[in-house]
Structures are given as C-alpha cells and as structure tokens.
Amino acid sequence: MNHKQRIASRVARELKDGDIVNAGIGIPTLVPDFIPDGVEVFLHSENGILGVGPFPEEGNIDENIINAGKKPVTVKEGASYFDSASSFGMIRGGHIDVAILGALEIDETGRIANWAVPGKPVLGVGGAMDLLEGAKKIFITITHTTKDGKPKIVKENHYPVTSERKADLIITDLAVFKVTSKGLVLTEIFAHSSLQEVEQKTEGAFTIDPSLKQTN
Amino acid sequence: MNHKQRIASRVARELKDGDIVNAGIGIPTLVPDFIPDGVEVFLHSENGILGVGPFPEEGNIDENIINAGKKPVTVKEGASYFDSASSFGMIRGGHIDVAILGALEIDETGRIANWAVPGKPVLGVGGAMDLLEGAKKIFITITHTTKDGKPKIVKENHYPVTSERKADLIITDLAVFKVTSKGLVLTEIFAHSSLQEVEQKTEGAFTIDPSLKQTN
Amino acid sequence: MTKIIDIEKAVSLIKSGDTLMVGGFGLVGCPLSLLEKMEEADLKHLTVISNNLGEPGKGLGKLVLQKKVKKGIGSYFTSNPDVVNAYQQNELEIDLMPQGTLAESIRAGGAGIGGFYVKTGAGTKMSEGKEVREIKGETYLFQEALQADVALIKAKKADRYGNLVYLKSARNFNPVMATAASLVIAEVDEIVEPDDLSPEEIVTPHLYVDYLVVRGGDGNES
Amino acid sequence: MTKIIDIEKAVSLIKSGDTLMVGGFGLVGCPLSLLEKMEEADLKHLTVISNNLGEPGKGLGKLVLQKKVKKGIGSYFTSNPDVVNAYQQNELEIDLMPQGTLAESIRAGGAGIGGFYVKTGAGTKMSEGKEVREIKGETYLFQEALQADVALIKAKKADRYGNLVYLKSARNFNPVMATAASLVIAEVDEIVEPDDLSPEEIVTPHLYVDYLVVRGGDGNES
C-alpha cells in the first residue's frame, strides 16, 4: 500500500453498515476499495447518483454515468438518479451520514480550507461548502505535509475556510486525530511513523489521547 | 343549458389552443365539456396531475386518480403525475396560463374573496391563494347573485380577500366583465338578460364597453 | 440490514407528543394501515402536519375523534366536520397555510432550507403576523421550514433498500414528507426486487426511508 | 401545435444580451448540438448560468473563446483554463456560488420562490455582502432566486407534447433549468410516442417546455 491507499484503508474502517457516504475527489475516491466485508455503504455523488459502484473496466465506460470529479463510474443494485437541486437537498438536509473530503489545510480547531488560494482567482467552489454544512460527519483525508514539507495541520489557516463547521476526524499518512470541542486529539500513529515525527510535522496544537494506539 | 353550463360554455370560448388550465371546484369543472373543436387545452390539478381527462363512467373509477375537489377523474394522453411541492411550483412559478375559479364575492376593482366567511371558523384555504398569485390569467365564474338575491359583485368585499391580485375576467349567468386598471367593464350580456337586470343586480361600479355585445 | 418491519413495531416507534407528517390528499395516498394501527395505540398530544385531517371516522379523522391529536397544521380541514367540531370545542389547535406554502415548507425542511419567501397570501389575513419583504418590486411573505419527528407516508412499491415509487395522484405530499422527518416509515402495497425499479424511475431514493411496512390485507383501500 | 423545430430555428430565438441557463455537469447532460449551432450565430454579451463553462473548445468553452459570453454564473469554472484566462484578461465576469445554492436558486426561480436561506457559505468569504439571518439558533445566508430568458437543456426522450425523461447522471441541472426560463428549448436524443412514457416516469411535464430539437447526427456525443 502506498500512503494514499493507507489513508483510504484507515478511513474505510470508520464506516458503518448502511452509511450514506459522499467521497470527494482525490484520496476519498480510493475509500470504497477498502470497505470491510459485511459493511455495505451507499455512495452518493452530488451530481445526482446514490449507489455509485466501482470504476468501470476500460472499454466498458458509460459516458452518462460520471461522479462529481467527472470520472466515469458505475452504479450498483438499488441505485437511483436525481437532479442537482434534489441532490443538494439531500446534502444540506442532513441525509448524508459521512462526507470524506480532502483539504489544503486544517486549523487546530478542526476548521478546514479546501476551496480557495489567496492571490489566485477563485473560479471554483463546487459542492465542498454544501457537504461541510450538511453531512452528519466530516472525515478529512490529507497527506500530513505539502509536497515541499510544510505542515497542513496549522495554528491558523492561511487559506479561506470552507465552513465554520469543524471536521470530525482527520486521517493523514502519519496519524489520526479526533476533533473535539477542546481541539485536536491524536488517537493513532501509523506503524511506520512515530510520535516524534508527528510532533515535528504538525504546526497546530494537539493533545495526545491517553490510549494512543499504533495503527496499520 | 342551465345557467352553470352557460357560464362554463362562455368561459370555454376564452381558452386558447395549448393553454394550461387549472379549473377549480364547482362551475369550473364543467368547462372542459365546452371546449371548442380544434382547441386543445391541458388541465392541471393541484394535487399533482397535468392532463386531467373527463370524469369516468360509473364502474370505471380509479380511486388513485382524483382532482383537487377529491372527485375521481381520468387522465389523457401525455398526462403526468408529480408531487405537491412540484405542483405548486408550477402554480406560483407562472406556468399555469389560466385559473378558473369560483368566488363568494368580487369587489369593483376585481379583487376576489373565496376562502373565508367572517364569524365562521376558517379551517380551509387550500390552493386558491396560490392560484390567484401565480396563474397568468384569472377567470372568475359566479352566479350573478347569491341564493337570496344579493349581488356578488360589490363595492367592497365583506369577506376577506384571497389576494391583492385582481381577476382578469368575470363571467356570471347574466354577463361578462373585463377587469381593467380603471375598474370593471361590462362587455357582454347574455341573451336572456338585459342591461337593466345587470345594473339592478350589480352593486359594484362598472362602465359599459362601447361595443357591448349580446352573447349566448 | 432490512428496513421491512411489521405495522405494530412501526407504530411503537411513535411517541406521545411527537410531531407527525402524514401523507395524502384526502384519503388518496394516505398510509391508512399505519393510521388504523395507531387507533389502538396509547398516544396523545400529537401534532399532525397533513393537508387534510382525514374524513369522518376515517384515517386521521379517527385519531381526531379519539382526541389523540393536539394540533393540526395543514391547508384544508373544512371537509371533515369532526375537525370543525373539535376546533370549536377547543379540543384541537389549528395552524392553517396555503396548500403550496405547506408543501414548500415541508420540502424546505427536508432540503436544509431555513425559510423562504412566497407571494401567496401577501396582503390577506393569512399574512397577519408574518414578515414581509420586497423582492424585485413585489411583496413576499417569509415562511419558515417545517420538520417532524416522524413521517408516515404511502407509496406503491418499495425495494428492500427502501427506494420508493408512487401510484398516480397518490403521490401528492408523500415524496416531500419523506425528506423532512427524523424517522420515515413508508407503507407500501408491495415489496419488489431491486431490478424491478429502474434507477431513473425511483422518486424517493432509499436514503430518506428508515422503515417499510406492507399495507395490511384488511380490505382497506389506500 | 407542434413543439418540434430545427436547431437553426431554435438558435434564432436567442438574442444578444440574453441570460441563458445551460444544463449539464461538465459535458454530461449538456445540449451540445444547440451550443455548436450557436458558434455560428451572431450573438454577444450573453450571461450564462451553468455549473461549468464547458471544457477547452467544447460546449460553452467554445462560446467563451468566441467572446460571446459576458458573464458566467455558476459553481465550478476552474476546470476550463480558457475561462480562467478570459477572467484574468477581464474579458469575462464571474459570479461564483456553492453548487447547491446554484441549483436551489434556479429551482426557486422556477417555483415562484423569491429567495431563501441556506447555511452553506455562512462565515466564509462567500458570505461577503450577503444578508445573514438567525433561524432556530443557526446562521443562514439569504439567496435570491435566479431566472433566465432562455434555458437550453438536454434530455434523453421527449414525446410530442414536450414531456421529458433524462438518462442516468445526465439529468443534473436540466430539470430545474426547465422551470426557470421564459423560453425553454430541450435538445433530445429521440422523440417517442406519448404512450412510450408512463405518466409516473415523466420528470419534466410538458408545460415547462416550449420547443424540442433533436440532437444533430453529427457524431457529437452528449
């Protein structure tokens, strides 16, 4: 497993049988591959699908079935299609159990930034804000640092926040944090990493769960 | 023809090919029987039907197809069913060409009252207010007087108005009035009546169209 | 994971004091088996959001006669004389709304819309106490969204996931009510295989539906 | 009375300065034959309401390159570099909205809702200049309804009355746009007999649709 797969695999273990899950672009799209046996989740795509299935085999693509990242997908038994207003009614109305999203940054209170970069023209917002307001739980999947090694978990976001609403869980390639009303709590460290590495690469404050675990 | 049929027959001649028409309970339900050949209109029922057909023959009733008056109806070719929110979206959104409604009273500016009687508990409003706000044209069908001979076209409504929005056309068993920004204009008198009778039985002010016609 | 439960179990999920949404226009599209089973339950102080309150002795009408209903929120209660009577005896509170505003406020409740503006009722007695706003030169009234603890709805068919399709004009308020309650129980005529419903024809996707009951074979028509 | 016209005639109904709604999510569900014919038309100063503005040289992307579009109102334009470029060159105005707020404001425009409140965007940069309101202890933003002069939508099938059904995820913004414009032109893959569509499966009833065009057999996929 590469680090993206490791993140996806760890998120997948948080999902419960019957969950309605919206998985954003990037790492979240890998999550379905790792859902444990006996757990059935239903993937919602905000362009109007409930019941997204695996990516299609080459040569078996139906161009009229795409996900929110505009990639061809398939649908599973029990799937349905609906219009965009209905789809976002589901999201804002609290009918999505979990949204799994990427982020540019997360501050130490759990607020995420994932839609705009200062100094660049902001020409896209898409469905991220709706998901952050409406989904019952928000799981954030990120690499712990940027490509040039800067921490993504920061004291204060440099980028504009996507919502005042905080994430519930942050899963990086190094560690897992719960977001609580008192701030971030480190609950797990991946086996290949260490508390020292996590502390070094995290700018935002966090506390350590007394039952801190090593995870795979 | 009795006087209700006469009213319905006269209203029917106002309808244009392709019109989307919502016909309320009472006299308006008779209108479809009188639509001229070559004119196809589509009847909307606010409980969620576009394309209402004639009343069914006895023994041929489908209890799951009813109109807004809760009477069994049929549907025609090209009909569709939709939910109540969609149906009133059509109404408020200006997608109904003509609403044909009854009334308790109409004042001399063309404002109608058809939902509440002072001193009695008001336990029903239904879809009348929505239709009065939303339909492109409002045709009012009434008997000229109440059962005990009181004028229904009055100076000021005794009953609470259904909307500030005025009707477009009033068709009684005696006459036809256009509603203009300057008030009511008498445009037609039925053959069995007379200007004298209309003047006698109308309380609200009206002017007489220079090309006043006799109608059947 | 199955959503199919029996009617008794479904009714046991309703508590005294709950706010219920009940589908139907008159008795058409009304979950009559669920309502009938509610007659036997020890329930009181219910607030009912429904276009009508049944007919005399039928559907919600029976629950009104049993004084289980504290308040009715809807659009047209005149057609049931028992409701008029209960209101006049101060046994029933009434909150009346134009039918379109009722339908829209339920949809809003299910779609994360806090409130909205409609022209319907502006300048009439229905606007008393309501906030008014000018939008593009026209007068609108503010209406807050409606939500409920439980929605009892009626559909034609469900698959085991809880996807629903409706029959003819029995659709009416059911699809919007399916979205606006914490607990949604759908009474259906039949459970079909998932393959029997095409993904395009599903009106209520399964994420809205918590439980399914099959209409009792008791001769009731719905 | 037929609603079926040819694509040239349909495009001739669009005027410079019009506000257009254009269906689709990316190019899926986008009325590509109509847009292609618009490339040849002498049109300018268009305001386009659409989730995206096409892809480079495709769909609305071509009209942006031709400088026919004065302003884009939508949710995600980043995926077309030509749009980013035109914006940076001050050749294109942009009004950006969260995708759900965009869809809802179009629905509102078609349903006689003057405006509504959503939580989406509250407390973010998207709320700048927006009216804020507390509803049941939570912060909402006001959003006015959107309407257009012309909606160009894409459906799978139509009958001659103009009833529409959509294909899979190509439904997206099309049904709401069908309700919110003065003139609605639907590009369809095929015209079927009315009997081929059941009254329950129709997604867009014919009262919303003014004209139908059949997708050109030009090899374009939609």
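In what follows, chains carry the letters A, B, and so on, assigned in the order in which the sequence lines appear, proteins first and then strands, with residues in each chain numbered from 1. For clarity, every value in this text was computed on a predicted model and none was experimentally measured.
No part of B:S87 comes within reach of chain C, as not one of its non-hydrogen atoms sits under 4.5 angstrom from that chain. Heavy atoms of C:V84 lying under 4.5 Å from chain B belong to its backbone as well as its side chain. For B:V75, no part lies under 4.5 angstrom from a heavy atom of chain C.
Counting heavy-atom neighbours within 6.0 Å of B:E57 CD, excluding the residue itself, gives a total of 12 or less.
Of the listed residues C:V83, C:V176, C:I106, C:N52, the one with more heavy-atom pairs under 4.5 angstrom with chain B than any other is C:N52. Contact count against chain C (heavy-atom pairs under 4.5 Å) is highest for B:N47 among B:N67, B:I49, B:N47, B:V161. Considering only heavy-atom pairs separated by less than 4.5 Å from chain C, the leading option among B:G48, B:P121, B:G89, B:A79 is B:P121.
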- Determine, stepwise, if the pair C:E104 / B:F88 fulfils side chain to side chain contact (heavy atoms under 4.5 Å, CB included). CA-CA 8 Å; C:E104 188 68 17; B:F88 283 90; over 6 Å; no
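Annotation: side chain of B:D83 is not in contact with side chain of C:N174 (no heavy-atom distance under 4.5 Å). Counting heavy atoms from C-beta on, the side chains of B:E164 and C:T124 never come closer than 4.5 Å. With contacts defined as side-chain heavy-atom distances shorter than 4.5 Å, the pair C:M97/B:V125 does not qualify.
Looking only at distances, a side-chain donor or acceptor of C:S169 sits under 3.5 Å from a matching main-chain atom of B:I66.
Of all non-hydrogen atoms in C:G100 and B:R92, the two that sit nearest each other are O-NH1, 3.2 Å. The two atoms that bring B:F82 and C:R171 nearest to each other are C-CD, 3.8 Å, heavy atoms only.
Near-neighbour residues of residues 128-136 of chain B relative to chain C, defined by a heavy atom under 4.5 Å from a heavy atom of that chain, comprise B:M129, B:D130, B:E133.
Screening residues 69-93 of chain C for side-chain hydrogen bond (donor to acceptor under 3.5 Å, both in side chains), with sequence neighbours left out, gives C:N51-C:S75.
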